[in-house]
Amino acid sequence: MVRKETKLEKILSTINISELLEIMYSDLLSFYKPYIFTIYLLSESNKHLIVHKSEWPEHLKDMKEVSLNLKIEIEIDNDFTKCFKNNKIIEVKKESSQLDQVTAEMFKRYYIEQGIYMPFSLYDSPIGIICIYSEKDSDNYNLISKIQDHIIQPYYNQCKHALQFSFLKEREEEVLFAKELTTKILHTVSSLSSLTSISLIYDSIIQSFLQLFSFDIGLIFINEQNFLTYRAGNTNLLQREIFNSIEEYFKDIKGYSLSKPDGATSLAYLQKQHFYIPNVQLVKDVPMYEKDKNSVTLLPGIHDLFIAPLVKDNTPIGVIQLIKLTNSLSLKDPDIAMINSLCNLIGVTIVNSQLYSIIEDQNNQITTDLKLASKLQQNLISKSSQVIEGVKITTIFEPMEHIGGDFFNLIRLREPNLLGIIIMDVTGHGVEAALITTMAKALLDTSGISKLHPPKLLSHLNSALCNQTNNNFITAFYCIYNNDTKALTFSNAGHPAPLLIRDGEIIPLKVKGRALAIDLDSKYDKVDFQCRSGDYILLYTDGLTETFNSEREPFEKPLLDYLQTCDTSNSQELTQSIYDKLKKHCGSSELEDDICIVGFSID
């Protein structure tokens, strides 16, 4: 008989925020079906609330796509932001005279009678708000209680970690995208600079946009005597009838006037800003300029429309229209930033004066993104102050790149005399390894009572990580120290054995165990070890012992020699001294691996 998956197992089965919210909504439907349901989550910048989940009734189903990714500035004063900033449930009713303008308009337009705004939080700051709307006026006391008990309580922690994971994942995608696209852009600009025919330059510009960003049609307009004259167009479509019709239209009307607003294209030029409409079908019936209305009519099925000024020396020289038919591109902020960067380079291509500054800006942006990812990772790591009486712990964490795959955590257990310490090392470096440590941290935080048993905790982590790490594996050492008895209980998953220093003797704390995420059936043993006052325990990742000097000699032997003669009375000084000697050993050589050191001394 197949065992039914528990609710907790469902929640812990994914670190993907969209999947988690889908599971959450299914749980909500088991006891209540809302008329309209929306979840806003905090943005990475902490300045916006963004719609991550939206469900609408059948007659308003188009609103689901429209509302997804909608942003609300937290500083704006309305019922949404009051709920979030005050961490307080707000109930609003249609007949209330105190409805803010946004809520009143929404209630009127969609026939809503009442709404509940609930902060998505337990005891700390909310990560978002849950909005539930009803067609009928009713008493919500029991519903609010159920949502708190069956939705917010079980889902909050995993959603919080999944949100952080999504930030790191977005950073990884943005960095990789930026690197790849920057190379292509530089190649494009280099190719353009070798062309002398203006018609060839226009054609090459359009083809570059179509290929790099998957648009179907590109049109270029150049300012000539205060008029945006249509100069060139091209398409990737095999059937050219639609392109031919739109090109004939612009050849006939010549382009757009700049003496007054004559459409979105002239506004993009005059205001020096881009316009992006991700789904033109949703706005095609709203009032618009005559030329815009005519061009949309000639483009049946149009999805994306991107209009951006072409710039030379910070001054617009023209405008490009980029059109996507057949299906939506759903451009994200990094895509838009890259399109604007290329538009800024187009005018400069003629004089080639801003090429190197743009390259530098892109590199600085990548560095900024990585620094932010590093800050997010640092937030996952315990601070040295989280200890119990009778022990002193000093930690050093230095990734080879901005972010890395080493990880440690000091775990305060429910018994005040117990302290858990875990150290982990993911194979590889950089963003991918950091994402796996984020996943491991989320699993660790939700591991419950298994944290009281080292073998059970490692088994729990191994089961959850198997087939989830893209063939990476993780070494880990987990121990629990009992301050009352000075007993240390530990288990190991393929990690370098910590070293206990006692009266000049080095005692490796060994126990067998296979690394995590390799074999679902891996078993882990434990060892009980009796510590004494004055003991110093060094936990570390292999980056410490496998760092080489200029003669390719590892640091392992110098480390062991030093530990045999060192003074263990001051944990902080000893741990820092180990790191200083490591840096001296490698000299001017760059670190080849992440470094993580945890020094643990017993009074």
Side-chain angles (χ1 to χ4, degrees), residues 17-41 43 48-73 76 78-84 89-96 98-120 128-140 143-144 146-147 151-152 155 276-288 293 296 300-305 324 326-332:
I17 189 66
S18 297
E19 293 176 2
L20 266 175
L21 297 181
E22 194 63 41
I23 297 171
M24 178 196 295
Y25 183 67
S26 296
D27 272 357
L28 175 67
L29 292 179
S30 68
F31 61 86
Y32 180 75
K33 181 174 176 57
Y35 174 57
I36 299 172
F37 176 77
T38 307
I39 294 181
Y40 292 82
L41 295 179
S43 69
H48 298 90
L49 291 169
I50 303 176
V51 176
H52 279 251
K53 176 70 177 173
S54 182
E55 295 293 338
W56 293 71
E58 183 62 25
H59 66 284
L60 296 172
K61 62 182 180 180
D62 290 339
M63 289 303 301
K64 178 175 181 177
E65 183 179 351
V66 174
S67 60
L68 278 176
N69 297 315
L70 178 70
K71 290 183 179 180
I72 295 178
E73 289 187 18
I76 293 176
N78 58 34
D79 290 331
F80 295 102
T81 55
K82 287 177 184 177
C83 168
F84 179 83
I89 297 172
I90 294 179
E91 295 183 65
V92 288
K93 296 182 181 293
K94 185 177 181 180
E95 68 269 20
S96 172
Q98 298 180 347
L99 289 182
D100 65 67
Q101 186 175 356
V102 173
T103 303
E105 179 63 26
M106 183 178 180
F107 275 40
K108 179 181 178 181
R109 180 173 295 183
Y110 303 117
Y111 307 103
I112 298 170
E113 285 298 322
Q114 65 176 8
I116 308 171
Y117 304 151
M118 300 181 66
F120 195 3
I129 57 174
I130 298 174
C131 305
I132 293 177
Y133 301 96
S134 173
E135 295 174 282
K136 301 176 181 178
D137 192 354
S138 60
D139 183 3
N140 297 313
L143 175 60
I144 291 173
K146 278 189 174 183
I147 292 173
I151 301 298
I152 294 176
Y155 281 93
Y276 175 48
I277 306 173
N279 193 337
V280 177
Q281 297 303 310
L282 297 177
V283 298
K284 66 179 182 179
D285 295 324
V286 303
M288 62 178 70
K293 190 76 172 179
V296 167
I302 179 175
H303 280 268
D304 298 66
L305 175 61
K324 181 65 177 179
T326 66
N327 60 286
S328 179
L329 290 177
S330 299
L331 296 175
K332 297 182 180 179

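Heavy-atom minimum distance, Leu49 versus Gly128: CD2-CA, 4.3 Å. Smallest separation of non-hydrogen atoms from Leu28 and Ile151: N-CD1, 3.7 Å. Nearest heavy atom pair, residue Pro119 against residue Ile152, reads O-CD1, 3.7 Å. Ile129 approaches Cys83 most closely through the heavy-atom pair CG2-SG, 3.6 Å. Heavy-atom minimum distance, Tyr111 versus Tyr35: O-CE2, 4.2 Å. Pairing each heavy atom of Glu113 with each of Glu135, the nearest pair is CG-O, 2.7 Å.
Between His303 atom NE2 and Ile277 atom CD1 the span is 14.0 Å, to the nearest 0.5 Å. Rounding to the nearest 0.5 Å places CD of Glu73 at 10.0 Å from OG of Ser43. The distance from atom OG of Ser67 to atom NZ of Lys53, rounded to the nearest 0.5 Å, is 10.5 Å. If you take CD1 on Ile144 and CE on Met118, they are separated by 5.5 Å, rounding to the nearest 0.5 Å. Atoms NE2 and CG, on His48 and Asn69 in that order, are 13.0 Å from each other to the nearest 0.5 Å. Residue Lys108 holds its NZ atom at 15.0 Å from CE of Met106, rounded to the nearest 0.5 Å.
Side-chain polar atoms of Tyr117 and Tyr40 form no donor-acceptor pair below 3.5 angstrom.
By the 6.0 Å contact criterion, NZ on Lys146 is open, its count of non-hydrogen atoms from other residues, nucleotides or ligands being 12 or less.
Side-chain contact between Ile112 and Gln114 is absent, with no heavy-atom pair separated by less than 4.5 Å. Counting heavy atoms from C-beta outward, Ile36 and Pro57 have side chains that approach closer than 4.5 Å. The side-chain heavy atoms of Ile116 and Ile147, taken from C-beta on, include no pair separated by under 4.5 Å. Side-chain contact between Ile39 and Ser54 is absent, with no heavy-atom pair separated by less than 4.5 Å. By the 4.5 Å heavy-atom criterion applied to side chains, Asp27 and Tyr155 are counted as neighbours. Annotation: side chain of Lys82 is in contact with side chain of Ile90 (closest heavy-atom distance under 4.5 Å).
Applying the side chain to side chain contact (heavy atoms under 4.5 Å, CB included) test to Thr81 and every residue at least two apart in sequence or in another chain returns Ile72, Asn78, Lys85. Scored by the ring pair (Phe, Tyr, Trp, His ring centres under 6.0 Å) test, Tyr25 finds Phe37 as partners (sequence neighbours excluded). For Phe31, the ring pair (Phe, Tyr, Trp, His ring centres under 6.0 Å) partners two or more places apart in sequence, or in a different chain, are His150. Residues satisfying the side chain to side chain donor-acceptor pair (under 3.5 Å) criterion with Tyr276, sequence neighbours excluded, are Asp304. Scanning for side chain to side chain donor-acceptor pair (under 3.5 Å) contacts around Glu19 gives Thr14, with sequence neighbours left out. Taking the ring pair (Phe, Tyr, Trp, His ring centres under 6.0 Å) definition, one finds that Phe84 meets it with nothing, sequence neighbours left out.
Under 4.0 Å is where a charged nitrogen must lie from a carboxylate oxygen, and between Glu55 and Lys64 at least one such pair does.
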Item to check | side-chain contact (heavy atoms from CB on, under 4.5 Å) between His52 and Thr38, intermediate numbers included | outcome: CA-CA 8 Å; His52 279 251; Thr38 307; over 6 Å; no
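The only member of His59, Glu58, Met63 that meets side chain to side chain contact (heavy atoms under 4.5 Å, CB included) when paired with Lys61 is Glu58.
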